Every structure is written in C-alpha cells, then in structure tokens.
Amino acid sequence: MQLKGKNRLDFSGMNLSGTSMYRAFAEGLDLRNAVFEGSHFEEGDFSRADFRGATFRSTMFNKTILTGANLDGATFVNCNLNRVNLVGASFRVKEITETVVYGIAAWDLVTSDEMKQSKLVIEKTYEFYSNLIQHGTIPMMVDDIELAQFIHYLNDHKKMRDTLNILNDKGVLLLGRFKDGGLERLYSIREWLQSKGYMAMIFDFARPDNLSLTETVVTMAGLSKFIFVDLSGASVPAELQAVLSQVKKPVLAFGDPYALFPDLADRTWVRTIEGDDTNLLGGLEANLSEMEKLHAERILQLARRYEKVG
C-alpha cells in the first residue's frame, strides 16, 4: 500500500487520538483534518505528508521527520515537538501555543504573519507545557517558532558571544533612499554582498514594537562590520548622526555628499565610491579589502583597550 514519495492510504478526517505511531513509514500520507489528542509519534518518517487542518493536542513527537510536509491550517496546543525535522515544511498553521519546540530543525520553514504563535517553550524537556506549569515551573518561552533557536542561543551567555561575533564578522548595514529606484539599488547591493559571504541588512520591515526607528537603525549598525550608505537618501544624515553617536563602524559612501558629511571623519573611518551607478558594484568590490582592514584595526583597538583594563 506504500510507495516512495506517495502513500495510497487515506487517513483524512480520522480521529487518531490516543494512538502511538512508532517508526512509521508514512511518507506522503493523507492526514488532512485528522485529530490527534494524547497521541505519540516516535521516530517516524512523515515526509511530504498532508496534515492540512489537522488538530494536535497533548501530542508528543520525538525525532519525527516532517520534511516537506504540509501543515497549513493545523492547530498545535500543549504539544512537544522534540527534535522534529521541519525542514522545508509548509507551516502556515492556524495556531501553535503552549508547545515545546526545543531541538526542532526549521530551515526553509514556510510560515505566515496570520498564524497565532504563543508560549513556545525553548528549554530541553520531554514533558508537556501543562505538566511544567503543574509542577510550578515557568519555562523560557518565545512567540515565534523560527526565532526559537536564536533566542535560545542568546539566553546562553557563551552562545550569545559567539552569535554576536558571527553577526559582527558578516553583517553589513545598507542605508539610503527607498523611493525612485533606491530600494531596488539597495536590493541589488545586498544580493551582491551575499554572493561574497556577507549578511547584508536593510531596514525595510515594520518597526519593532519596543524600538523607535532610530533605535532600530542603531541596533542594526551595532551588529554590522561596516555601513554602506547611499547619500541620496533624505534620512541618511540623521541616521548616520544617530549611529555614529553610539557605535564606531567604518562607512563606505556612494553619491553626492551633504554639507556636514566630511565631519563624519572625526568620528569614524569614511571611504567613498566615485562615479555613477555603472561604477557602483566595481567601486564596492574595490573597497571591500579596505573595509576589512578597518574592521580588523577596530578589533585590535578594542583588544588593546580591554587588555589594559584587565
């Protein structure tokens, strides 16, 4: 009844509450709108299975493969997704709450802004959220499954140091205008930088609830190796003023400088790209080694400073 990549069995709409599935090969199985309450998945392969609209309550998963599965519209309440492989899964669920997500693999996970996420436990445990609360334990939780591992690392002071080191070694903040083709220019620069191994960042998303626009830009700058700025942006002077009053990062500028732009050299290292758009990427490539050199000098300065303090 089973074929590689496709399963002829139809379990759609079935109530599978209380069932235990141990090492099941269920690749491509149809489980649309199925109900799982008090169920247990153990080391099974449900790759590319169809779980659309399924309901999971108090259900335990352990080392279960759900790569490429479709879980759109599903509901997870008080579940444990211990070491579940969700790589490439469509996870536009209706709701996921009070669920342990420690150890999941979420590369290329497809989510949506409409899905309700809350109380996702990021501590290693084989218990349910309800059991932890009953024992008087308040676990560490997040409200976004894709950020779970990142937040877990930040909570570990040693891992947080490593995370910040990686960001500062790869990050590049891109500032400039968004209108009249400006954003497209920044996107092309980001794509080019990513091809060179950098993590280019553009503030083209909604402002975080607990940060102002300026605070968001400054935070992103603090996580960057250097800043690339298109000087044609109307907000650029204020953004650079705010950033360089808080952090010292090398600046690589393109375009016609505003009146006070030369004064930035009093605060940090500034380099410019001459010419028009046709020379932009070439000028960026020609200055990368200089940006790396300035970044290395900054690291050396900090090392000497804190060596004296120590």
Side-chain angles (χ1 to χ4, degrees), residues 88 90 92 106-115 144 146-147 150 166-209 211-244 246-247 249-262 264-265 268-292 294-295:
S90 186
R92 291 176 286 224
W107 296 97
D108 297 323
L109 189 68
V110 179
T111 60
S112 72
D113 294 335
E114 290 73 30
M115 55 191 278
D144 190 308
E146 292 181 288
L147 293 179
F150 179 69
I166 291 173
L167 289 172
N168 274 275
D169 190 55
K170 298 292 185 180
V172 178
L173 175 61
L174 308 183
L175 299 177
R177 77 173 194 271
F178 284 7
K179 296 181 179 180
D180 302 322
L183 186 57
E184 288 72 19
R185 173 193 282 167
L186 293 178
Y187 283 158
S188 66
I189 294 171
R190 179 177 65 180
E191 183 177 349
W192 186 87
L193 285 169
Q194 288 174 338
S195 72
K196 301 296 183 180
Y198 292 94
M199 294 188 298
M201 300 177 286
I202 302 173
F203 184 18
D204 59 349
F205 49 87
R207 175 188 60 82
D209 294 338
L211 292 175
S212 69
L213 295 175
T214 300
E215 288 171 333
T216 303
V217 172
V218 171
T219 299
M220 295 172 68
L223 296 174
S224 301
K225 172 177 281 190
F226 66 90
I227 301 169
F228 170 86
V229 56
D230 174 3
L231 295 174
S232 65
S235 62
V236 163
E239 290 172 336
L240 288 178
Q241 173 74 16
V243 167
L244 297 177
Q246 300 291 324
V247 295
K249 299 288 181 176
V251 173
L252 180 59
F254 172 78
D256 297 327
Y258 53 89
L260 298 180
F261 178 73
L264 295 181
T268 190
W269 302 280
V270 179
R271 300 293 184 270
T272 58
I273 298 175
E274 304 295 337
D276 55 21
D277 282 7
T278 59
N279 185 52
L280 178 55
L281 293 183
L284 183 55
E285 183 166 25
N287 279 276
L288 277 184
S289 60
E290 179 69 7
M291 291 293 104
E292 292 288 346
L294 295 175
H295 176 68

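Computed over heavy atoms, backbone and side chain alike; hydrogens, waters and symmetry mates excluded. This chain uses plain numbering: 1 for the first residue, then up along the sequence. Model, not experiment: these values are computed from the prediction.
- Rounding to the nearest 0.5 Å gives a distance of 10.0 Å between NZ of Lys225 and CE of Met199.
- At a threshold of 4.5 Å between non-hydrogen side-chain atoms, the residues Arg92 and Glu114 do not count as touching.
- Across every non-hydrogen atom of Ser232 and Arg185, the tightest pair is OG-NH1, 4.1 Å.
- Note that the CZ atom of Phe226 and the CD atom of Glu290 stand 11.5 Å from one another [nearest 0.5 Å].
- Within a 6.0 Å radius of CD in Glu184, other residues, nucleotides and ligands contribute more than 12 heavy atoms.
- Thr111 approaches Glu146 most closely through the heavy-atom pair OG1-OE1, 3.0 Å.
- Smallest separation of non-hydrogen atoms from Ala242 and Thr214: CB-CG2, 3.3 Å.
- Within the 4.5 Å cutoff, side-chain heavy atoms of Leu231 are placed close to those of Phe261.
- Using a 4.5 Å heavy-atom cutoff, the side chains of Val236 and Asp230 are not in contact.
- Here CG of Leu186 is found 6.0 Å from CG of Leu174. Values are rounded to the nearest 0.5 Å.
- Leu280 is listed as a side-chain neighbour of Phe228, based on a closest heavy-atom distance under 4.5 Å.
- Taking each heavy atom of Gly222 and Asn168 in turn, the nearest pair found is O-OD1, 3.2 Å.
- Across all their heavy atoms, Ala259 and Pro262 have their closest contact at O-CD, 3.4 Å.
- Here the shortest heavy-atom pairing between Ile202 and Met220 reads C-CE, 3.9 Å.
- Within the model, atoms CG of Asp169 and OG of Ser224 stand 12.0 Å from one another, a figure rounded to the nearest 0.5 Å.
- Between Glu239 and the options Ile227, Val218, Leu175, a side-chain contact (heavy atoms from CB on, under 4.5 Å) holds for only Leu175.
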Show the numbers, then the answer: is there a side chain to side chain contact (heavy atoms under 4.5 Å, CB included) between Leu284 and Leu193? CA-CA 9 Å; Leu284 183 55; Leu193 285 169; 4.2 Å; yes
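- Other residues, nucleotides and ligands place more than 12 heavy atoms under 6.0 Å from the CG atom of Asn279.
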Please step through side chain to side chain contact (heavy atoms under 4.5 Å, CB included) for the pair Ile189 and Phe254, ending with a clear verdict. CA-CA 12 Å; Ile189 294 171; Phe254 172 78; over 6 Å; no
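- Between Arg271 and Pro250, every side-chain heavy-atom pair lies at or beyond the 4.5 Å cut-off.
- With a 6.0 Å radius and a threshold of 12 heavy atoms from other residues, nucleotides or ligands, Asp256 has its CG atom at or below the threshold.
- Residues Val243 and Lys249 have side chains not in contact (no heavy-atom distance under 4.5 Å, counting atoms from C-beta outward).
- The distance from the OG atom of Ser289 to the CD atom of Glu292 is 8.5 Å, given to the nearest 0.5 Å.
- The shortest distance between side-chain heavy atoms of Leu173 and Phe203 does not fall below 4.5 Å.
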